[in-house]
Protein chains: 2
Amino acid sequence: MVRRNEIVDLSARLFAANGYAATGIREIGDAAELARGALYYYIDSKESLLGEIHNRVMDPLLDQTRNIVGLKASATTRLRLISEVLLTQIIEHQDHVWVFLHEYRSLTGERRTTFKRKRDEFENLISDVLSAGVESHEFQIDDLRLTMLAFLGMHNYTYQWIHGASAVDPVKLSKLYCDIFLAGIAAGSPGDGV
Amino acid sequence: MVRRNEIVDLSARLFAANGYAATGIREIGDAAELARGALYYYIDSKESLLGEIHNRVMDPLLDQTRNIVGLKASATTRLRLISEVLLTQIIEHQDHVWVFLHEYRSLTGERRTTFKRKRDEFENLISDVLSAGVESHEFQIDDLRLTMLAFLGMHNYTYQWIHGASAVDPVKLSKLYCDIFLAGIAAGSPGDGV
DNA sequence: GTCTATAGGGTGATAGAC
DNA sequence: GTCTATCACCCTATAGAC
């Protein structure tokens, strides 16, 4: 079972480096120092590896985010915490995150619907915090969904340029993103049409 | 030559829908109603199609952006114009943009270096406008590169969710993004450490 | 310009020996 | 648990007939 996890991690590295479709089961076997027959003792299929990589990032991210949203704190504070948690995952698990943000369309059937459900829940949690901030007059937001996507885009796109970049501190980057975003949606800011 | 362009466009659609590596030359032939032999009368290789898709988006984008940066206008205005031009490309040429933002790592050799050079130039043009805004005291920016990437990420990530979404107006979306971003980097905003 | 046939080499997955 | 051999199929690209 430990061996299986090693194989999932090394697959994430290969998929992130060369793409899911372009990576052969033979390369995974080579990296694991296992012939193909032996490899299939540990895995069910190539796609099952893809599914496990997704879960390995998405499940802890959802857990942490649910906890943060449930906190008795201002919307501003909770949004900053979500930002830190998300960026920490993106930066510290670059390979897994690359795969889950880049290759999710290669999932099929039940694995695909499960993953879509989790992503939707994550987006809804962010929208909930933005909504709460409007209620409490912390934020002024015209279009909730597009604003949520602007927040998510600024964060998620990080996976594209962080690869191979020299060390970036997730807390510092989170502060930079949130300082921009929170000033941009602050009640009384120039964007509110007053 | 017209036929060739049709094949490039239909390839963009297939690559965006199913991924570059997962799309076979046979599927492209089927979509063009051409046997594989005849298809190769029009194209040099599968990768040449990928290269042409990239150029079809990147070249006009760079042209327009160079022109905007050269305008005698405030940094704020020029940044809003770049945002509109970029989002118009992303929304009106969804398939081509998907391919160029998602599959550029499948380019090899000279095609790859050429494309990287163009992307770098585009990023530098944005950084130039941000710099100009700092000079003119329109903007307050700590880390120029990370701030440029925050801007780019918010915009580029749009390609991920725009696919299949109902019609979105690029001008409206640009205003939403820029209202947030410009308030976030405005001189005298909460993020500047005053 | 378009076709069929084929080269030369991959693919994911399984069977069965050890 | 690990191996080799193999199945059935797919791939990009080219040759040469029409």
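Within every chain, numbering begins at 1; the chains are lettered A, B, ... in the order of the sequence lines, protein sequences first and strands thereafter.
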Query raised in the report: Is the side chain of B/Arg111 donor-acceptor paired with the backbone N or O of B/Gly51 at a distance under 3.5 Å, no angle test?
Result: no

Requested in this report: Describe the nucleic acid contact of A/Leu39 in one word from base, sugar-phosphate, nothing, applying a heavy-atom distance below 4.0 Å.
Outcome: nothing

Query - d(CG, A/Leu50; C1', C/dG12) in whole Å - result: 15 Å

Query raised in the report: Between B/Asp9 and B/His96, do the side chains contain an N or O donor and an N or O acceptor separated by less than 3.5 Å?
Result: yes

Query - Interatomic distance where CG belongs to B/Leu34 and C1' belongs to C/dT4 [whole Å] - result: 14 Å

Requested in this report: Measure the distance from CD on B/Glu33 to C1' on C/dC3 and round it to the nearest whole Å.
Outcome: 15 Å

Requested in this report: Between protein and nucleotides 11-18 of chain D, map the contacts as a letter string: B base, S sugar-phosphate only, - none, heavy atoms under 4.0 Å, written 5' to 3'.
Outcome: SBBB----

Query raised in the report: Quick one: do B/Glu84 and B/Lys175 make a salt bridge, cutoff under 4.0 Å?
Result: no

Query raised in the report: Is atom CZ of A/Arg3 surrounded by more than 12 heavy atoms (other residues, nucleotides or ligands) closer than 6.0 Å?
Result: yes

Query raised in the report: More than 12 non-hydrogen atoms from neighbouring residues, nucleotides or ligands closer than 6.0 Å to CZ on B/Arg105, yes or no?
Result: yes

Requested in this report: Any chance you could measure A/Leu130, atom CG, to A/Ile185, atom CD1, to the nearest 0.5 Å?
Outcome: 5.5 Å

